Amino acid sequence: MTDVTGTANPSTSGTSPGTPGTGRGTPGTPPAKPGLHPDAAHQAAVARLRRAYAAVPPDQPVRLAKRTSNLFRFTGDRRSAGLDVSAFGHVLGVDPASRTAVAGGMTTYEDLVDATLRHDLMPLVVPELKTITLGGAVTGLGLESSSLRNGLPHESVIEMEILTGDGQVVTAADGNSRGALYRGFPNSYGTLGYALSLSIELEPVAPFVHLRHFRFDNPDACLEAVARVAQDGSLSGHRADFVDGTAFSLDEMYLTVGAFSDVAPWLSDYTRERIYYQSIRGPKEDFLTIRDYLWRWDTDWFWCSRAFGLQNSVIRRAWPRRYRRSDTYRRLVALDQRYGLSATMNARRGRPDREFVTQDVEIPVERGAEFLRFFADRVGMSPVWLCPLRLRSDRAWPLYPMRPGQVYVNFGFWGTAALPPGAADGHYNRQIEDQVAALGGHKGLYSTSYYSEDEFSQRYNGAAYAELKRDYDGDGRLPTLYEKCVTVQ
Ligand SMILES: Cc1cc2nc3c(=O)[nH]c(=O)nc-3n(C[C@H](O)[C@H](O)[C@H](O)COP(=O)(O)OP(=O)(O)OC[C@H]3O[C@@H](n4cnc5c(N)ncnc54)[C@H](O)[C@@H]3O)c2cc1C
């Protein structure tokens, strides 16, 4: 094991190397399984956290005291005791030989990527907001443009150290005595326990990504192209190491296909005056460093920075570059929600109330065009993000029932929509939930949900969840998944 500064750590060395030169995205020898980092400081932090958790009165709710969040549910229980997890927010080691890393559960992907890129490696899937944490992406189902090749972040977790709801600290790995927890952790949103450290697989990168933006003038053609990429691993001869898409309208949609590249005839930089999502409309080709590619959406939080005026060139120039980041914008939205600023202004100006329609949904690729038409007709927000994905392995994960082998497209839409007269919150989100179900898809749970308890249980495998809850949080110290994601504790 090599630490992030490159120092050999004899306690975890001796792992066998993966197969070099097998090509990116091609499975090589499965990585050796390193033990979780036995670092004394980490172990002491685990012991402290266990004591802190045990000291919370059993009837007091618990939450993670974290600096950042990417949840889009803004109410929370103010009585809750915050667990200080700051000791679990850094990378514990990167091992280039076995292409693995071990990191604290609250390590942001920004820090994780900085550590792995030093070794020309990256996590198999890097969610595009810098402050999403490794534990958050595993328990809350991240995805990104490598997800057609590499599945979801939890599929490249080798093992996890988890503080469970009943106060134990266990190591969960596929097939070990805690294998059920390992498989049930994704989509449990911290209701079974908290991941304190995780070991994950990495893959090699090239220094640059060569992007090509392919335009489509109707959803059917666009979704057919996604299916072709899934089958061929390329589009019009351009290798698809990464693929995602942007729908500006039903007759202006783009798939952006990225290929690792060792050379770059030019390099674009969208952290300055130019804005990445606008660049997609032309020219058709672009080059970014791998780091800028991974964070291409963060500077403008996809396109959501426009709500703060940041796409006006005067405001953009005045807005310090270091604050052109998704976590800054998310904090502003949280403040706005807390004090009801935009709602009050809307009411004063006699404008209709608006509903937050901030969701990610997965639809089988064959039904994706139908979803886009429904969304344009009933909700009408744009742009919409498209991200194809497919499970990496041939086994399903119990709490988020995607079918192995099936290609899905994630549609992401983040903003608000004006409510028609007499309609209340839930007007749009309920229609979306119904349509997603009708098309055989599912919805991520980081934002608002309106399911009844029965429907929720049916959609997210309530029977398997109840067993895990009994085994790992029998006294119900942590909220249930339904309470946390729907009734919002
Ligand atoms: C506008 C928006 C766009 C998004 N787009 C994407 C996207 O494109 N790609 C993508 O991958 N994801 C996306 N997400 C979803 C995001 O990945 C999830 O919300 C993820 O859970 C956030 O992780 P976090 O580390 O910020 O956790 P938080 O927001 O702090 O917490 C999320 C939940 O996870 C739990 N949790 C956090 N850390 C742990 C841990 N270590 N162990 C157990 N439970 C934990 C918390 O208790 C909480 O319930 C988006 C979210 C938003 C709001």
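Every number for a ligand or one of its atoms is a count from 1 in the order of the listing. All values derive from a computational prediction rather than experimental measurement.
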Give the numbers and elements of all ligand 1 atoms closer than 4.0 Å to a heavy atom of Y194.
42 (N), 43 (C), 44 (N)
Below 4.0 Å from any atom of ligand 1, is there a heavy atom belonging to R63?
no
Would you mind finding which of G105, G193, G135 brings a heavy atom closest to atom 43 (C) of ligand 1?
G193
Taking only heavy atoms of P127, which atoms of ligand 1 are found under 4.0 Å from at least one of them?
10 (C), 11 (O)
Does any non-hydrogen side-chain atom of P123 lie less than 4.5 Å from one of T116?
yes
Between the side chains of R477 and D475, is the shortest nitrogen-to-carboxylate-oxygen separation below 4.0 Å, so that they form an ion pair?
no
Can an N or O of L143 be found at a distance shorter than 3.5 Å from an N or O of ligand 1?
yes
Looking at L64, which atoms of ligand 1 are within less than 4.0 Å of one of its heavy atoms?
36 (N), 37 (C), 38 (N), 39 (C), 45 (C)
Contact between W385 and ligand 1, counting heavy atoms under 4.0 Å?
yes
Hey, which atoms in ligand 1 end up nearer than 4.0 Å to a heavy atom of I132?
12 (N), 13 (C), 16 (C), 17 (O), 23 (O), 25 (O), 26 (O)
May I ask you to decide whether R149 forms a salt bridge with E203, counting only side-chain N to carboxylate O separations under 4.0 Å?
yes
Within the 4.0 Å heavy-atom shell around G190, which atoms of ligand 1 are there?
43 (C), 44 (N)
How does Y189 reach ligand 1, if at all, at less than 4.0 Å between non-hydrogen atoms: by side chain, backbone, both, or neither?
both
Which segment of E144 sits under 4.0 Å of ligand 1 when only heavy atoms are counted:
neither
Ionic contact status for R324 with D298, cut-off 4.0 Å
no
Residue G140 vicinity, atoms of ligand 1 by number, heavy atom under 4.0 Å:
21 (O)
Less than 4.0 Å is my threshold; does some heavy atom of M106 fall inside it relative to ligand 1?
yes
If the contact criterion is a heavy-atom separation under 4.0 Å, does F185 count as touching ligand 1?
yes
For Y53, is the NZ or CZ atom of R50 found under 6.0 angstrom from the centre of its six-membered ring and inside 45 degrees of the ring axis?
no
Are V205 and I290 close enough that some pair of their side-chain heavy atoms sits under 4.5 Å apart?
yes
Closest to atom 44 (N) of ligand 1 (heavy atoms only, candidates L134, T358, T139) is T139
Quiz item: cation-pi between R281 and F248, 6.0 Å / 45°:
yes
Answer yes or no: is there an ion pair linking R48 with D84, defined by an N-O contact shorter than 4.0 Å?
no
Contact between N176 and Y182 at the side-chain level, heavy atoms closer than 4.5 Å - yes or no?
no
Residues E110, R325: salt bridge by 4.0 Å N-O rule:
yes
Short N/O distance, under 3.5 Å, between E128 and ligand 1?
yes
Find all atoms of ligand 1 within a distance of less than 4.0 Å from any non-hydrogen atom belonging to T133, and give their numbers and elements.
24 (P), 25 (O)
Going by an N to O cut-off under 4.0 Å, is there a salt bridge joining D244 and R296?
yes
